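As the structure is a prediction and not an experimental result, all values here were calculated from the model.
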Amino acid sequence: MGTIVDIAVTKENAERFTIVIHRDDEPPLKLTIDQDVLLEFRLKKGMVIDDALLRDIVYADGVKRAYQQALYFLAHRMRSEHEMIGHLRKKGVADPVIEEVLRKLRAERYVDDEAFAAAYVRTQKNTSLKGPRLIRAELERLGVPASAIEQSLAEYPFNEQVAAARSLYEKAKKQRRAESARAFLERVKQQLVRRGFSPETAAVVLADERGRTEEEEREALHIQAEKIHRRYAHHPRPLYEQKMRQALYRKGFSLALIDEWLRRQDDDR
């Protein structure tokens with residue numbers, strides 16, 4: 001039991017107030033509360049505060065502070081409920097307070113896992129060009145319920161998956177290295193799978209590949225062969241040719257083009 005003897009605005013924050021409660025036979029109790037809590041409980045000087053009311057005041061202020069922390073966490077982007085719970089726990093907020101904050105956030109639609117998942121899918125498919133498998137894994141990691149994930153991914157039809165995968169494929173073509181057509185296609189296929197696209201989607205996209213012209217393939221082989229040649233040039237001719245064939249074949253070049261290159265080497269000697 002105690003009596004409020006002073007109420008003053010804090011220097012650090014004009015929306016928070018310091019309350020001093022005088023208690024018989026005990027030191028004065030000083031606490032800070034939000035202005036909304038002050039108004040909610042109609043606190044004023046001379047008001048008698050018992051232990052039950054004090055607990056309610058402290059709890060309400062804890063909810064208010066946690067709610068403000070939640071809004072700050074939402075300032076940069078939408079969050080899943082799982083992310084919000086984890087963030088507030090890291091801030092030391094007790095679970096009952098977290099649940100109270102979540103009720104308020106849900107009521108105001110500040111957290112909504114279905115809306116969050118839908119927005120996440122739109123962003124990842126259009127901006128980051130990710131496939132549905134990777135998006136699903138990321139949403140699962142963010143704690144989004146399975147039902148919300150399925151609903152959101154339904155808005156990512158196969159034709160859009162192919163279009164996104166094709167954009168990555170076109171970008172890869174512009175950055176194409178001196179490599180065989182087979183090696184290029186395998187590299188792009190692995191890239192698409194890592195980005196979350198199914199092998200079926202990758203197959204549709206890569207079916208568009210007409211491959212290099214034979215002359216372009218020869219040029220790529222020549223570049224690779226020159227590098228490998230420096231490694232094996234000291235070997236006797238039969239062993240040299242064997243190692244060259246093996247190395248170039250592993251890089252995806254046909255035996256016909258490899259043998260043609262080796263014959264040219266013989267002609268130049």
Are side-chain heavy atoms of [X] and [Y] found at a separation under 4.5 Å?
| X | Y | result |
| --- | --- | --- |
| Thr32 | Asn13 | no |
| Glu200 | Val204 | no |
| Phe17 | Thr10 | no |
| Arg218 | Arg264 | yes |
| Ile149 | Glu140 | yes |
| Leu142 | His82 | no |
| Val111 | Phe116 | no |

Straight-line distance of [X] [atom1] to [Y] [atom2], nearest 0.5 Å:
| X | Y | atom1 | atom2 | answer |
| --- | --- | --- | --- | --- |
| Thr18 | Ile7 | OG1 | CD1 | 10.5 Å |
| Glu186 | Ser180 | CD | OG | 10.0 Å |
| Leu105 | Ile98 | CG | CD1 | 11.0 Å |
| Ser198 | Gln161 | OG | CD | 6.5 Å |
| Met84 | His87 | CE | NE2 | 7.0 Å |
| Asp112 | Ser80 | CG | OG | 11.5 Å |

Treat each ILVMFWY residue as a node, draw an edge where side-chain heavy atoms are under 4.5 Å apart, and state whether [X] and [Y] are in one component.
| X | Y | answer |
| --- | --- | --- |
| Met47 | Ile33 | yes |
| Val93 | Leu74 | yes |
| Leu206 | Val193 | no |
| Val5 | Val9 | no |

With [X], which residues qualify under side-chain contact (heavy atoms from CB on, under 4.5 Å), at least two apart?
| X | result |
| --- | --- |
| Asp34 | Arg16, Asp36, Val37, Asp61, Lys64, Gln68 |
| Lys104 | Val63, Tyr67 |
| Ile21 | Ile4, Ile19, Arg23, Leu29, Leu31, Ile49, Leu54 |
| Met244 | Ala225, Ile228, His229, Tyr232, Tyr240, Leu248, Trp261, Leu262 |

Minimum heavy-atom distance between [X] and [Y], given as atom pair plus value:
| X | Y | result |
| --- | --- | --- |
| Leu139 | Ser152 | CD1-OG, 4.0 Å |
| Met78 | Ala119 | SD-CB, 3.9 Å |
| Ala148 | Ala117 | O-CB, 3.8 Å |
| Ala66 | Leu88 | O-CD2, 3.7 Å |
| Tyr59 | Pro96 | OH-O, 3.6 Å |
| Ala178 | Ala220 | C-CB, 4.1 Å |

- [ ] Test salt bridge (Lys or Arg N to Asp or Glu O under 4.0 Å) on Lys173 and Glu170 and set out the steps.
- [x] CA-CA 5 Å; Lys173 281 206 302 186; Glu170 293 296 334; 3.6 Å; yes
The criterion is side-chain hydrogen bond (donor to acceptor under 3.5 Å, both in side chains); which residues satisfy it with [X], sequence neighbours excluded?
| X | answer |
| --- | --- |
| Asp24 | none |
| Tyr110 | none |
| Glu100 | Arg103 |

Open item on the list: Running the 4.5 Å side-chain criterion over Ile, Leu, Val, Met, Phe, Trp and Tyr, what cluster does Tyr72 land in, apart from itself?
Closed with: none
Salt bridge (Lys or Arg N to Asp or Glu O under 4.0 Å) partners of [range], not counting sequence neighbours, each pair once:
| range | answer |
| --- | --- |
| residues 125-137 | Lys125-Glu160, Lys130-Glu138, Arg136-Glu150 |
| residues 75-88 | Arg77-Glu83, Arg79-Glu83, Glu81-Arg106 |
| residues 42-55 | Asp6-Lys45 |

Open item on the list: Apply side-chain contact (heavy atoms from CB on, under 4.5 Å) to residues Val205 and Val188 and explain how you reach the verdict.
Closed with: CA-CA 10 Å; Val205 172; Val188 176; over 6 Å; no
TODO: Using atom types as modelled and distance alone, determine if a side-chain donor or acceptor of Thr201 lies under 3.5 Å from a backbone N or O of Phe197.
DONE: no
TODO: Please confirm whether the backbone N or O of Gln124 pairs with a side-chain atom of Thr127, one donor and one acceptor, at under 3.5 Å?
DONE: no
TODO: Check the pair Val48 / Leu53 against side-chain contact (heavy atoms from CB on, under 4.5 Å), numbers first and verdict last.
DONE: CA-CA 9 Å; Val48 176; Leu53 180 57; over 6 Å; no
Task: Whether over 12 other heavy atoms sit under 6.0 Å from Tyr249 OH - done: no
- [ ] Please indicate whether His235 has more than 12 foreign heavy atoms, meaning atoms of other residues, nucleotides or ligands, lying under 6.0 Å from its NE2.
- [x]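 Yes.
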TODO: Give the intermediate values and the outcome of side-chain contact (heavy atoms from CB on, under 4.5 Å) for residues Tyr156 and Ile135.
DONE: CA-CA 10 Å; Tyr156 195 2; Ile135 295 174; 3.9 Å; yes
Please table the atom pairs, donor to acceptor, closer than 3.5 Å between any side-chain atom in residues 251-259 and protein atoms at least two apart or in another chain.
| residue | atom | partner | partner atom | Å |
| --- | --- | --- | --- | --- |
| Ser254 | OG | Leu257 | N | 3.3 |
| Asp259 | OD1 | Arg245 | NE | 2.7 |
| Asp259 | OD1 | Arg245 | NH2 | 3.2 |

Task: CA sep, side-chain torsions, deciding dist, call: Arg194, Gln191, side-chain contact (heavy atoms from CB on, under 4.5 Å) - done: CA-CA 5 Å; Arg194 286 195 301 271; Gln191 178 189 4; 3.9 Å; yes
